[in-house]
Amino acid sequence: MRSFVYNGQPGRVVFGAGALSQLGKEIETLGARRALVLSTPEQRASAERVADMLGDKAAGVFDRAVMHVPIETAREARELARKLDADCAVAVGGGSTTGLGKAIALDSGLPILAIPTTYAGSEMTPIYGITEAGLKKTGRDAKVLPRTVIYDPELTLTLPVGLSVTSGINAIAHAAEGLYAVDANPVMDLMAEEGIRALGGALPGLRADPQDLEARSAALYGAWLCGIVLGNVGMALHHKLCHTLGGSFNLPHAETHTIVLPHALAYNAKAAPRAMERIARALEGRSAAQAVYELAQHNGAPVALREIGMKADDLDRACAIALQNQYPNPRPLEAEALRQLLQDAFEGRRPSA
Ligand SMILES: NC(=O)C1=CN([C@@H]2O[C@H](COP(=O)(O)OP(=O)(O)OC[C@H]3O[C@@H](n4cnc5c(N)ncnc54)[C@H](O)[C@@H]3O)[C@@H](O)[C@H]2O)C=CC1
Ligand SMILES: O=C(O)/C=C\C(=O)CC(=O)O
């Protein structure tokens, strides 16, 4: 048996179709009096529904969450929470909304009750990200880990199919890199493989029928497990590349993960054979890289960075940024091979086995 350190994260999870009905009880369990409800502008109706359910425990709604948490938005939301004397933030939405809740918690220590509606996994992590002057800074702080998470697959029925597939592969990326993380451990390995299996099985089903509650439940279950992995062990080359492409070239988060993952896995394949075996087994494919590529391609997701706005002229600069402040990775970062990886991802080439 290998040696390892396992550091579990606290948190309460309520999972199941219709679980949102437990909100009142969960707010009481949290001991909150006045909750500020957060959402994106697009999910204002969901936030209002949640505020109605909270009744006199709703302090107000802030509906301006956007991707990557601009510091100005974080300041506005923090100020509103103070003004309304909120003692809790309820985040209903994807990673952007949970991220805004984390920015409030980082400043004030307010507990977060998260109600995730995508598969990004932020609700399971103590990782926060805030963007200031065009630079996204991330960090870890136990204060920002949501205290309670309500996973209700019914809330994901409206998630557009395209985003469902790419968000699901974003979750798979957390688990895949968790399997070869520098601080990997056997408990996370089990969750990672099971999370990948659940998502790999669910995505074709929910693409065929976005209202299929069984498939939606399986996808959210997989996302939960993959989020736990992200929150517990360190990420590697794939996440570094996606942070570079999202942060410096403004590429969309879930789509970027979807396109880059097969190429990052191909890059690391020889250096992490046992992780690759587990990913391939979970996806019932011959190789991890090809199985992820096919999962994306067969389910209508983009496979080329040029399809989502990347410019060929920026590939050299992306490569140079990705080589700075490297994350630990099973295979050392070699400039020429990394540049080739980016070219392959740019063109959407099928990775080698
Ligand atoms: N700190 C962490 O641990 C993590 C942070 N993130 C961050 O989260 C952000 C990306 O989050 P995502 O969830 O990918 O996207 P998102 O939260 O930006 O959502 C994308 C769009 O989909 C809409 N949407 C979400 N759920 C919906 C639903 N059920 N029905 C209809 N529309 C829905 C949103 O309102 C938004 O317009 C990035 O900024 C990323 O860095 C992502 C993963 C982990
Ligand atoms: O950038 C952040 O906000 C923190 C982590 C992630 O986005 C994880 C990811 O790259 O999916």
Side-chain angles (χ1 to χ4, degrees), residues 9 20 38-47 49 63-70 73-74 91-103 105-106 112 114-131 135-141 144-146 149 151-178 206 210-211 216 219-220 223-224 226-248 250-258 260-261 264 327:
Q9 313 270 2
L20 185 61
L38 308 172
S39 74
T40 59
E42 298 82 12
Q43 287 181 285
R44 169 92 199 182
S46 301
R49 179 179 166 209
D63 72 355
R64 291 207 291 286
V66 287
M67 205 168 276
H68 304 312
V69 194
T73 314
V92 54
S96 299
T97 306
T98 309
L100 179 61
K102 288 176 168 184
L106 187 67
I112 302 170
I115 307 171
T117 62
T118 69
Y119 307 129
S122 176
E123 67 283 353
M124 281 295 131
T125 83
I127 307 169
Y128 62 87
I130 298 179
T131 303
L135 259 188
K136 182 165 178 176
K137 289 192 192 133
T138 58
R140 283 182 178 252
D141 193 312
V144 309
L145 178 73
V149 179
Y151 282 111
D152 186 341
E154 286 179 2
L155 302 178
T156 64
L157 294 173
T158 51
L159 187 64
V161 170
L163 185 52
S164 300
V165 173
T166 55
S167 187
I169 297 177
N170 179 199
I172 288 176
H174 308 327
E177 291 229 297
L206 66 80
Q211 301 303 307
R216 290 289 188 182
L220 202 56
W224 168 45
C226 295
I228 295 175
V229 177
L230 175 67
N232 277 271
V233 297
M235 296 289 112
L237 170 65
H238 167 77
H239 280 72
K240 173 70 189 181
L241 285 170
C242 292
H243 290 161
T244 301
L245 294 166
S248 303
N250 207 24
L251 297 192
H253 181 82
E255 289 89 337
T256 305
H257 272 269
T258 299
V260 171
L261 185 60
Y327 299 180

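Keep in mind that what you see is a predicted model, and the values were worked out from it rather than measured. Atom set for the values below is all heavy atoms of this structure, side chains included, hydrogens, waters and symmetry mates excluded. Positions are given from 1 along the sequence. Whatever order the structure lists them in is the order used to number ligands and atoms, beginning at 1.
- The two residues Val260 and His238 make their nearest non-hydrogen contact at CG1-ND1, 3.5 Å.
- Shown in contact with Asn170 at under 4.0 Å from a heavy atom are these atoms of ligand 2, numbered in order with element: 11 (O).
- Distance from atom 29 (N) of ligand 1 to its nearest protein heavy atom, with residue and atom name: Leu155 O, 2.9 Å.
- Neither the backbone nor the side chain of Thr138 comes within 4.0 Å of ligand 1, counting heavy atoms alone.
- At least one heavy atom of Lys102 sits under 4.0 Å from some atom of ligand 1.
- In Asp141, the CG atom is crowded: over 12 heavy atoms of neighbouring residues, nucleotides or ligands sit closer than 6.0 Å.
- Taking a cut-off of under 4.0 Å to the non-hydrogen atoms of Thr138, the atoms of ligand 2 that pass are 1 (O), 2 (C).
- Close approach of ligand 1 to Gly94 is summarised as follows: ligand atoms under 4.0 Å from at least one heavy atom of the residue are 13 (O), 17 (O).
- Every atom of ligand 1 is numbered from 1 in the order shown, and the set under 4.0 Å from a heavy atom of Thr40 is 34 (C), 35 (O).
- Of the heavy atoms in His68, none comes closer than 4.0 Å to ligand 2.
- Of the candidates His239, His243, Lys137, His243 brings a heavy atom nearest to atom 5 (C) of ligand 2.
- Here Lys136 has side-chain heavy atoms under 4.0 Å from ligand 1, and that is the only part of it that gets that close.
- Taking 4.5 Å as the limit, every side-chain heavy atom of Glu177 sits out of range of all side-chain heavy atoms of Tyr327.
- Set against the non-hydrogen atoms of Ile127, the atoms of ligand 2 under 4.0 Å away are 4 (C).
- Within the 4.0 Å heavy-atom shell around ligand 2 one finds Lys136.
- Of all atoms in ligand 1, numbered sequentially from 1 with element shown, those under 4.0 Å from a heavy atom of Leu163 are 20 (C), 21 (C), 22 (O).
- No side-chain donor from either of Thr97 and Gln43 sits under 3.5 Å from a side-chain acceptor of the other.
- The main-chain N or O of Gly121 is never found under 3.5 Å from a side-chain atom of Thr125 such that the two would form a donor-acceptor pair.
- Atom numbering of ligand 2 starts at 1 in the shown order; those under 4.0 Å from a heavy atom of His253 are 7 (O), 9 (C), 10 (O), 11 (O).
- When heavy-atom distances to ligand 1 are checked against a 4.0 Å cut-off, His253 comes that close only through its side chain, counted from C-beta outward.
- Each of the following atoms of ligand 1 lies closer than 4.0 Å to a heavy atom of Thr117: 25 (C), 26 (N), 27 (C), 28 (C), 29 (N).
- Under a 4.0 Å heavy-atom criterion, His257 is in contact with ligand 2.
- Using a 4.5 Å heavy-atom cutoff, the side chains of His257 and His239 are in contact.
- Residue contacts with ligand 1 for Thr125 involve side-chain atoms from C-beta outward but no N, CA, C or O (heavy atoms, distance under 4.0 Å).
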